[in-house]
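See below for the structure under consideration.
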Amino acid sequence: MALDPGKSPGFLLWHATLRWQRDIAAALAPLGLTHVQFVLLACAWWLNTQGEHPNQLTLARQAGTDVKMTSQVLRTLENKGLVAREVDPADTRAKRLRVTDTGAALAPRAIAAVEQVDAEFFQPVPVEDAIALLGRLAHPET
């Protein structure tokens with residue numbers, strides 16, 4: 001028997017996700033980034049700060065994105081001057097990703113904007129509870 005939509009976890013998650021995505025898009029628009037552009041820029045920036053210069057596959061795995069879509073979005077970020085693809089000295093077929101100075105200045109601002117949205121969005125729930133639930137949903141195997 002079908003649940004009342006208001007009692008369906010999946011339906012509620014769908015609506016919560018849509019609301020959260022709208023809030024994130026609104027916060028990132030003044031910075032000239034889409035949500036996917038933000039995720040890839042932030043992940044590349046974070047990896048760079050850890051001394052890593054990932055290739056597209058490594059970045060896609062870190063971000064949880066499709067490799068082909070990652071390539072397309074990276075092209076956009078490259079055209080915006082936020083990331084650079086450089087030949088890997090160890091494998092000239094591979095490209096390593098480096099966040100440019102412009103991207104490195106934008107990434108922390110964008111992260112702060114997204115963290116503010118997250119703080120407001122998740123405010124009704126203790127942060128530890130939200131992280132525990134979402135962690136279990138994102139990685140049920142652990």
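Looking at Glu115, its side chain never comes within 3.5 Å of a backbone N or O of Ala112 through a donor-acceptor pair. Without hydrogens or angle criteria, Lys80 side chain to Gly32 main chain gives a donor-acceptor distance under 3.5 Å. Judged purely by atom type and a 3.5 angstrom limit, Asp129 has no side-chain atom pairing as donor or acceptor with the backbone of Leu133. Of the possible donor and acceptor atoms, none in the side chain of Arg96 sits under 3.5 Å from a partner among the backbone N and O of Pro54. A donor-acceptor pair under 3.5 Å is formed between the side chain of Thr100 and the backbone N or O of Leu82.
Hydrophobic clustering (side-chain heavy atoms under 4.5 Å, transitive across Ile, Leu, Val, Met, Phe, Trp, Tyr) groups Leu134 together with Val117. By the rule that hydrophobic residues join a cluster once side-chain heavy atoms approach within less than 4.5 Å of another member, Ile24 and Trp46 end up as members of one cluster. Under the 4.5 Å side-chain contact rule for hydrophobic residues, Met69 and Val83 share a cluster.
For Asp101, the CG atom is loosely surrounded, since the number of other residues' heavy atoms within 6.0 Å does not exceed 12.
Considering OG1 of Thr70 and CD of Gln62, their distance stands at 11.5 Å, rounded to 0.5 Å. Within the model, atoms CG of Leu33 and CZ of Arg109 stand 9.0 Å from one another, a figure rounded to the nearest 0.5 Å. Summarising the geometry, atom CG belonging to Leu41 is positioned 7.5 Å from atom CD1 belonging to Ile111; distances are rounded to the nearest 0.5 Å. The CZ atom of Arg75 sits 6.5 Å away from atom CD of Gln72, with the distance rounded to the nearest 0.5 Å. Expressed to the nearest 0.5 Å, how far CG of Asn55 lies from CD of Glu86 amounts to 13.0 Å. Atoms CZ and CG, from Phe11 and Asp4 in turn, are 9.5 Å apart once rounded to the nearest 0.5 Å.
Between Val39 and Ala63, the shortest heavy-atom contact is CG1-CB, 3.8 Å. In terms of heavy-atom proximity, Trp45 sits nearest to Ala107 at CG-CB, 3.6 Å. Residue Leu28 comes nearest to Phe38 through the heavy atom pair CD1-CB, 3.5 Å, listed as atom of the first residue, atom of the second, then distance. Shortest non-hydrogen contact noted between Ser71 and Arg85 is O-NH2, 3.4 Å. Across Val99 and Ala104, no two heavy atoms sit closer than the pair CG1-N, 3.2 Å.
A salt bridge does not link Asp66 to Lys68: none of the charged nitrogens lies less than 4.0 Å from a carboxylate oxygen.
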Mind running side-chain contact (heavy atoms from CB on, under 4.5 Å) on Lys95 and Asp88 for me, showing each step along the way?
-> CA-CA 5 Å; Lys95 301 282 187 184; Asp88 184 345; over 6 Å; no

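Among the candidates Leu97, Leu47, Leu59, the single residue satisfying the side-chain contact (heavy atoms from CB on, under 4.5 Å) test with Glu52 is Leu47.
A donor-acceptor pair shorter than 3.5 Å cannot be found between the side chains of Asn79 and Thr76.
Annotation: side chain to side chain donor-acceptor pair (under 3.5 Å) contacts involving residues 13-24, sequence neighbours excluded, comprise Trp20-Asp118.
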